[in-house]
Amino acid sequence: MPGLSRRDFLSGAASAGALFSLTGCQAAGPAPGSAAIPAAGLTLPLCGEWLFRTDAEDKGETEAWHSGAQPAEGWETVQVPHTWQVVEETAEYKGPAWYRREFELPVLPAGAVVRVEFEAVYHSAKVWVNGAPVGEHLRKGYTAFTLDLSAVAKPGRNTLAVRVDNSFDKHMLPYDNSYDWTMDGGIYRPVQLLITGSAFIQALAVEALPAADNASAPLEAVLSLHNSAASPAAVTLECRVLDEASGLTVLDLPAASATLEAAATTQVKLPPAVLQAPRLWHFDHPNLYRFQARLLAGGQVMHCQESTFGVRRFEVRGNQFFLNGEPVRLMGVERMAGSHPLYGMAEPLSWIEHDHADMKELNCVFTRVHWQQDRRVLDWCDRHGMMIQLEVPCWGSDTFSHMKGTLEADIMNNGLEQLEEMIVRDRNHPSVVVWGLCNEIGGHDPVAAEFALRMYDRAKELDPARPRSYACNSLQKDPGADVAGKMDFIEWNEYYQSWYKGSQEDVRRNLEEIHAAFPDKPVVISEYGYCECTPRPEQMGGDPKRIEILRGQDAIFREFPWMAGLIFFCYNDYRTIWGDKGEAVLKQRLHGVVDLYGGHKPSYEVLRAESSPVESFGLSGKAADLQASLRLRPGLPAYTLRGYILRWVVYGFGGLPMESHQIELPELAPGQEYHSGLVFSLADPKRVWAEIVRPTGSSVLAAEWKP
């Protein structure tokens, strides 16, 4: 295998025939007139044009709107991913709606499996193919699901129909209307067909935690294999690891064999392996590996699957965070997805990249979200270096306050199902460092506490390596009685001077009380900031008030060495069902350092400076002896700088750039200073602009000199 190219490995070039089996796992050629399918399988995108209509009278099923014989009248053409909440006429619509499209299938070998994968539908979906029901995914609006179409899909043209419902619901999370974001209904993330052999890789989990000296990383891989055939199948797995940057194979794993029971899923744990001298994943050095697996039966490749992963260890020790054995104190900002009025939750990749690149310019290395994210968000974070806490969308004490002492089974089960779907799909992402279990549930309530603890235990079973926590807003009184103390670290949504009454002195006092209750745990401020959400005078300070709170409270947070992280809320003004500003598509809350369209407010630059690991940076002296000086923060945020660049541009004639230069900074630890002369040849510079740049390319801080 080491001599195989990536294309050869995934296409099955090393296997005789390299075609799917016609009859289960027996080697055979294609049937007369059948299509030769690549052994890796086929993925056929189903984004693009769909037909769409709302169903306010809920008559679609009765009138068989899922039938291929339905006329086009009453339907409009939309582009999937799609949400109807960004269209003026349907911006406030809650209820069922329908999507329909046709797709083509080639003649497939016998035993081939055809599945459809929806990366998310909000929040309930029922699916039909050619008028026949093929499955449903109910009350889980932010996780992916896959349905088998093999029994009803046919060569040639097929009709796929989806009934979607975004109604408020008291049997799911988020509960009823008890959440502060948008309810965008629709098929709002990508859709694709997956075509494989009768046996295929259903899920792939890879874990590579570096050893204490970071010189090696034991690698563990567990694959979920499904056999759709009516008889058992003897299969072999061939797997290898590639360095993502070079494309070179760095590890060949011993082949593993298994017998798959008929019509069943089997978990196969691969033999132990060790990755030597691994390139570690870090938010400043987001090195990635690619795990590739081939499933063979009867000498034929049935399916190939691959997944990127990183070698890194994020852990809690005492009251500190450690990344790859090094203490880190982190800062960042949360983004509320779905807030651009033109896109809503159906965000294109270009906008996902825009927002996250803008957040990286804010020196965001640690973020949190209120619900499970688009796969493209996590891929971006993996590749550009942004650590993220993913969360089950359990928000608000109203979720539990009506239960009168008994935890309702449907809410508990819905939470566990969403947690498992999130972890199974997203656990390979090195950017995902914390599983968030819930948010602002009222952690003194025994029922809410029971929910959080059961979620904690299940997350630990599914993924023992990652820390788990919940974002708490109930630590203002008797913090020791809150279920927050049972988590791996403490998270507090702190809103003094905004949602909470009080002053900056209350922030300090309350933090000391929290530390006294949990002296051996780190504390993360999982939200803080300022919302212009009511007409009360104290809530009408505008962006200057946001800046005042940001600077004043950061100064207090930095007084305490057990403060491990700060996440400002939030990056953007956001669309929400509770919005008190704007109408229809523009219904929003003013909470961000950018507006709905991404326009920067003055607070953007303040947050950028506050979140920088460089406390001060300036240029001084005369042109012939210009000096750059910088000092790293001793506290929040605090981490070692490696591979950073000092870059400067010299402006001359007409105020135009004439020269550019850069040097690599030495390794700098928190609290250190650095000084360097800036060399250039221009005799009469009009100004010099300089910046410190991360290894990933984003700017940390800038300074300017003028004569």
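In this text the structure is predicted, and so the values were computed from the model without any measurement. Only this structure's heavy atoms are used, side chains among them; waters, hydrogens and symmetry mates stay out.
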Assess whether a salt bridge exists between Arg647 and Glu664, defined as any Lys/Arg side-chain N lying under 4.0 Å from an Asp/Glu carboxylate O.
no
Just by distance, do the side chain of His444 and the backbone of Asp478 share a donor-acceptor pair under 3.5 Å?
yes
Kindly say whether the aromatic ring centers of Tyr574 and Phe569 come within a distance under 6.0 Å.
yes
Between Pro634 and Ala638 the two heavy atoms that sit nearest each other are O-CB, 4.0 Å
Could you tell me whether Arg509 and Glu512 have a side-chain N and a carboxylate O separated by less than 4.0 Å?
no
According to the interplanar angle, ranging from 0 to 90°, do the rings of Tyr343 and Trp351 count as parallel (below 30°), tilted (30 to 60°) or perpendicular (above 60°)?
tilted
For the side chain of Arg575 and the backbone of Val585, is there at least one donor-acceptor N/O pair under 3.5 Å apart?
yes
Between Phe168 and Tyr175, is the gap from one ring center to the other below 6.0 Å?
no
Heavy-atom pair of closest approach, residues Ser620 and Leu626:
O-CD1, 3.4 Å
Quick check: does any side chain N or O of His429 sit under 3.5 Å from a backbone N or O of Ile388, one acting as donor and the other as acceptor?
no
What heavy-atom pair brings Gly185 and Thr83 nearest, and what distance separates the two atoms?
O-OG1, 2.8 Å
So among Thr399, Asp398, Asn473, which one has a side-chain contact (heavy atoms from CB on, under 4.5 Å) with Glu440?
Asn473
Is Asn510 reaching over with its side chain to a backbone N or O of Val507, donor-acceptor style, under 3.5 angstrom?
no
Look at the rings of Phe321 and Phe314 and say which category their plane angle falls in: under 30° parallel, 30 to 60° tilted, over 60° perpendicular.
tilted
Proximity of Tyr142 and Tyr122 rings by center, below 6.0 Å:
yes
Between Asp573 and Lys601 (salt bridge meaning N to carboxylate O under 4.0 Å), is one present in this structure?
yes
If I compare all heavy atoms of Cys394 with all of Phe451, which pair ends up nearest, and what's the gap?
SG-CE2, 3.7 Å
Between Asn166 and Met183, the two heavy atoms sitting closest are ND2-O, 3.1 Å
Restricting to non-hydrogen atoms, name the atom on Trp578 and the atom on Ser178 that form the minimum distance, rounded to 0.1 Å.
CZ2-CA, 4.2 Å
How about Phe366 and Val433: do any of their side-chain heavy atoms sit closer than 4.5 Å?
yes
Can you sort out the partners of Asp463 under salt bridge (charged side-chain N to carboxylate O under 4.0 Å, His left out), two or more places apart, ordered by chain and number?
Arg427, Arg466
Residue among His600, Met331, Arg608 satisfying side-chain contact (heavy atoms from CB on, under 4.5 Å) with Leu362:
Arg608
Can you tell me if Glu505 has over 12 outside heavy atoms packed within less than 6.0 Å of its CD?
yes
Check for a donor-acceptor pair, side chain of Asp382 on one end and backbone N or O of Ser431 on the other, with a separation under 3.5 Å.
yes
Any donor-acceptor pair under 3.5 Å linking the side chain of Lys587 with the backbone of Ala91?
no
Can you tell me if Asp543 uses its side chain to pair, donor with acceptor, with the backbone of Ser603 under 3.5 Å?
yes
Would a line drawn from the ring center of Trp181 to the ring center of Trp371 be shorter than 6.0 Å?
yes
With a cut-off of 6.0 Å (strictly less than), are more than 12 heavy atoms of other residues, nucleotides or ligands near CZ of Arg551?
no
Option among Arg694, Met386, Met387 that satisfies the side-chain contact (heavy atoms from CB on, under 4.5 Å) test with Val365
Arg694
Non-hydrogen side-chain atoms of Arg468 and Phe489 separated by less than 4.5 Å
no
Hey, does Val316 have a side-chain heavy atom less than 4.5 Å from the side chain of Pro467?
yes
Partner of Asp180 under side-chain hydrogen bond (donor to acceptor under 3.5 Å, both in side chains), picked from His370, Arg589, His591, is Arg589
Return each pair, listed once, that meets salt bridge (Lys or Arg N to Asp or Glu O under 4.0 Å) where at least one residue sits in residues 695-707; pairs must be two or more places apart or across chains.
Arg687-Glu704
Under 3.5 Å: donor-acceptor pair, side chain of Lys501, backbone of Tyr496:
no
Is the positively charged end of Arg546 above the ring of Tyr530, judged by distance under 6.0 angstrom from the centroid and angle within 45° of the axis?
no
For the residue pair Gln588 and Leu596, establish whether any side-chain heavy-atom pair is separated by less than 4.5 Å.
yes
Students often mix this up, so state it plainly: with edges at 30° and 60°, are the rings of Phe560 and Trp562 parallel, tilted or perpendicular?
parallel
